[in-house]
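For reference, the structure discussed in these notes is given below.
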Number of protein chains: 4
Amino acid sequence: MGAVKTKRMPRAVREQQMLDAAVRTFGQRGYMAASMDEIAELAGVSKPLVYLYLNSKEDLFTACIRREAAALTEAVRAGVDPGLPTDRQLWEGLRAFFTHTARNPDGWSILHLQARTHGEPFAAEVAAMRAEIVAFVTQLIVAAAREAHHDPDLAESEVAGLAEALVGAAESLAAWANATPGVTARQAAATLMNFAWSGLGNLMDGRPWTPPDALTR
Amino acid sequence: MGAVKTKRMPRAVREQQMLDAAVRTFGQRGYMAASMDEIAELAGVSKPLVYLYLNSKEDLFTACIRREAAALTEAVRAGVDPGLPTDRQLWEGLRAFFTHTARNPDGWSILHLQARTHGEPFAAEVAAMRAEIVAFVTQLIVAAAREAHHDPDLAESEVAGLAEALVGAAESLAAWANATPGVTARQAAATLMNFAWSGLGNLMDGRPWTPPDALTR
Amino acid sequence: MGAVKTKRMPRAVREQQMLDAAVRTFGQRGYMAASMDEIAELAGVSKPLVYLYLNSKEDLFTACIRREAAALTEAVRAGVDPGLPTDRQLWEGLRAFFTHTARNPDGWSILHLQARTHGEPFAAEVAAMRAEIVAFVTQLIVAAAREAHHDPDLAESEVAGLAEALVGAAESLAAWANATPGVTARQAAATLMNFAWSGLGNLMDGRPWTPPDALTR
Amino acid sequence: MGAVKTKRMPRAVREQQMLDAAVRTFGQRGYMAASMDEIAELAGVSKPLVYLYLNSKEDLFTACIRREAAALTEAVRAGVDPGLPTDRQLWEGLRAFFTHTARNPDGWSILHLQARTHGEPFAAEVAAMRAEIVAFVTQLIVAAAREAHHDPDLAESEVAGLAEALVGAAESLAAWANATPGVTARQAAATLMNFAWSGLGNLMDGRPWTPPDALTR
DNA sequence: CATGAATGAGGGTTCATTCAT
DNA sequence: AATGAATGAACCCTCATTCAT
């Protein structure tokens, strides 16, 4: 199970191996239950080397959070074309999000569960990333309102709640999709678009939101 | 802060004191960081008594989860009048949910964060409760579809995803409402109803969902 | 070598056993080289019990210092009759000091070497005891000067230096006497009285200080 | 603060840099708390080089002790003119001693505290130096006795004790003088000469020992 | 001459858990 | 019904020391 024990690697490489092992261990065992011993073994190095490079369990976990947060936000950013209409942008972002979380369950566990459960300084780290995503969604909603130029009264606090609800729904669906066999990232994104864009009321009335490439795939 | 040290209490009473202390400690410190020492002290009893009554840390935590899960589902059930139309039922349920979680932050922390973060057997315990709530929501959605008798093809898996999204959004909003000063349970429920029932698309077009008692309060 | 493993002792007794073991271990191995494992084993208990009662290695060492310092100052105080003339008081005090340090080499090692070598907060602890002894000696010197009513100019800073020198000489002689076979506490005290009271110059001229009970013993 | 990192120095120079760093680190942190890492960094070299040149922490510390012991004895020797009368020789020796220890607090800490606190083989190393100084003092006392040709019976063991007391007092005063602002090496030496040569009894009677150059300075 | 990479061994500390009363 | 006394096991972390280049 452990990495092949290759000796004398340059520091940068070893550090990535350690982070890989740490993300996996933290993601599966949880922050507190993960032991530095296990991480070191999985990384194929001795414990002192982990401390030499990453300083402490806390620092190591923080490094994991940062790496995974950066990877996730980057994946979403890369998946979105800012030239598209807002609903299309949201659709693309959700697809990228569900795809990335499905491919990195351990990283997602760290961001979604572990970091939030174990207080400061970890919660702040992940809150920063979350704020970035919420801001992106907020801006999409505001843009949509402007496009529709119908409801100039949409209060800021109201928008904040909506963005929070949307992001929360996405987070929950990610866990659900990961745990439910047969649910693809695409399906999860479609479900959420339907739910978020059209609302249950309209769905009931037979007016779902339609994926833009429904015909081609 | 700890309970007054009264001696020779009947078992049932002592057990509740212990669970109170445990919920508070687990909720604030987290499952792993909470120590049996602290719980026993907060409960005002000696450690062996905790073991005599509740067996182990794991069992104690499981008992906490069960108690809090039962309290939450009961609160929601009690808040809903099954004779009302579906959207009204959902509205009442959400209000009850946000009210209960705001009043029991430690219990909510246990259910929402701690139990899910620390794997089996706790995750299964809380998953059972969640399934109950998802089932309730699912049934609401199905009933709504029947009322609208428009879309008999609404696939079961699709409904499951929608329910999941709705519940996830609610969970996230609960944490957000607890952490954001000035957001009441009522407001959180209204935001979520808007989002879930009308959808962003309709909101943008000026067709929000209207709280049933908007005029009276 | 370790104490007989007696079970279920009252806390006060166990604590003294632990302090005994700790004084011996710290005295012989030194503060840093002593391991809590070794101390626990010598005390005949498990390590967690040592921590339960004494908190930490630092606290344990501090407790040792306090106990040994109290024992030493008490021994000196008990040996001195404040009604006697000053040189007699000094003589009795020195005898008590050398006797006590000879009988408690580990305690003396802790006070004289270990506590001073390992910085704060230990140095302050032993400095307090030393200040007490220096104050006692200073007061003797001042009293002697008053009795001789010859030198009203004896500056305070000068007296401080003399007291320091006397105490330092005593400390050194204690280690020397312990390490040199055949040197008794009595002889060490006599040598120091000679040195301190008469001075080398007078010794050379055949005017030593005479122990008060030279004839009787 | 660390030495400038100059490369490719001859071995002898590098060794002195290492010893400088080691003396400083051992003197300030203590033998056990000092880490080879810190010493190497302060010396501006890599750790393996320290091992290459000085073999082990123990050997490095021993080398420090030897160097500082040699420096101290050499300073005292250089300060004394063997042609002078014995009290003048002692006076000069003490001045040299207090001056040197005041200027080399780290070295003095190593000799006086660290080496003695951490057992063999270090204690033996510093004991050798101490024996040399005690021998010097002993010879002074014997010479003084011969000059006074009064007490040919001054037993050898008695002289040994006196020398020990004198050296011990000097050691204590050195630490005291270093720690007490405003006390110069000269004053410390004068205090000790007074104490040792005239004795408290004569001081009280107004017969102090008079520094030879009291008039000129 | 010099070092980046790496580790075996051990130390302080904490915790869930049990025994004897 | 209740507790004071006690521990096995594990965890985080550090350090002196060595290879391979």
Side-chain angles (χ1 to χ4, degrees), chain A residues 5-11 13-15 32-40 44-60, chain B residues 5-11 13-14 32-40 44-53 55-60, chain C residues 5-11 13-15 32-40 44-60, chain D residues 5-11 13-14 32-40 44-53 55-60:
Chain A
K5 202 164 185 174
T6 318
K7 296 238 166 180
R8 304 269 151 187
M9 320 268 299
R11 172 167 181 156
V13 176
R14 273 281 191 254
E15 265 188 32
M32 303 227 67
S35 88
M36 294 299 272
D37 266 306
E38 188 179 354
I39 293 172
V45 293
S46 69
K47 226 186 337 177
L49 199 59
V50 179
Y51 279 90
L52 186 60
Y53 286 173
L54 276 316
N55 269 334
S56 69
K57 194 183 189 182
E58 206 174 299
D59 283 7
L60 174 55
Chain B
K5 200 166 186 175
T6 319
K7 299 236 166 177
R8 303 269 151 185
M9 316 267 298
R11 170 161 182 158
V13 177
R14 274 277 192 253
M32 303 235 62
S35 83
M36 295 297 275
D37 264 305
E38 188 178 356
I39 292 171
V45 295
S46 71
K47 239 183 325 177
L49 199 59
V50 179
Y51 278 89
L52 186 61
Y53 285 177
N55 225 21
S56 71
K57 192 182 189 184
E58 211 175 292
D59 284 4
L60 173 55
Chain C
K5 201 163 185 175
T6 318
K7 296 238 166 176
R8 302 272 149 181
M9 318 269 300
R11 172 167 180 157
V13 176
R14 273 281 191 253
E15 263 188 36
M32 303 228 67
S35 87
M36 295 298 273
D37 266 307
E38 188 180 355
I39 292 172
V45 293
S46 70
K47 228 182 341 174
L49 199 58
V50 179
Y51 277 89
L52 186 60
Y53 287 173
L54 276 316
N55 269 333
S56 70
K57 193 183 189 183
E58 205 173 301
D59 283 6
L60 173 56
Chain D
K5 199 164 183 177
T6 319
K7 300 239 167 179
R8 304 270 151 184
M9 318 266 299
R11 168 159 185 162
V13 177
R14 274 277 193 253
M32 301 233 64
S35 83
M36 296 297 274
D37 264 304
E38 188 178 355
I39 293 171
V45 294
S46 71
K47 240 184 323 179
L49 198 59
V50 179
Y51 278 88
L52 185 61
Y53 284 178
N55 224 25
S56 71
K57 193 184 190 184
E58 210 175 293
D59 284 4
L60 174 56

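Nothing here was measured: the structure is a model prediction, and the numbers come from that model. A, B, ... follow the sequence lines: proteins, then strands. Residue 1 opens every chain.
- Looking at every heavy atom in both residues, D:M32 comes nearest to C:A33 through SD-N, 3.9 Å.
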Sugar-phosphate or base contact per nucleotide [nucleotides 15-21 of chain F; S, B, -; heavy atom under 4.0 Å]: BSBBB--
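- Once rounded to the nearest 0.5 Å, the distance linking CE of C:M9 with CZ of C:R14 reads 5.5 Å.
- In this structure, C:V50 and C:V45 approach most closely via the heavy-atom pair CG2-CG2, 3.8 Å.
- Atom CG in B:L60 sits roughly 12 Å away from atom C1' in E:dA16 (whole-Å rounding).
- Rounded to an integer number of Å, the gap from CD of B:E38 to P of E:dA16 is 10 Å.
- As rounded to whole Å, 12 Å separates atom P of F:dT7 from atom CE of C:M9.
- Between C:I39 atom CD1 and C:K47 atom NZ the span is 11.0 Å, to the nearest 0.5 Å.
- Rounded to an integer number of Å, the gap from CG of A:L49 to P of F:dT14 is 14 Å.
- Direction of the helix axis in the helix from E:dA2-F:dT21 to E:dT21-F:dA2 shifts by 30° between the two five-pair termini, rounded to 10°.
- Separating the CZ atom of D:R14 from the C1' atom of E:dC1 is a distance of 9 Å, rounded to the nearest angstrom.
- A distance of 8.0 Å separates NZ of A:K57 from OH of A:Y51, quoted to the nearest 0.5 Å.
- Between the P atom of E:dG12 and the CG atom of C:L52 lies a distance of 18 Å, rounded to the nearest Å.
- Atoms CG (C:L54) and P (E:dG12) sit 14 Å apart, rounded to a whole Å.
- Using a 4.0 Å heavy-atom cutoff across all strands shown, C:R11 reaches sugar-phosphate atoms only and no base atom.
- Atom-to-atom, OH of C:Y53 to C1' of E:dT13 comes out at 18 Å; the value is rounded to the nearest Å.
- A distance of 5.0 Å separates CG of B:L60 from CE of B:M36, quoted to the nearest 0.5 Å.
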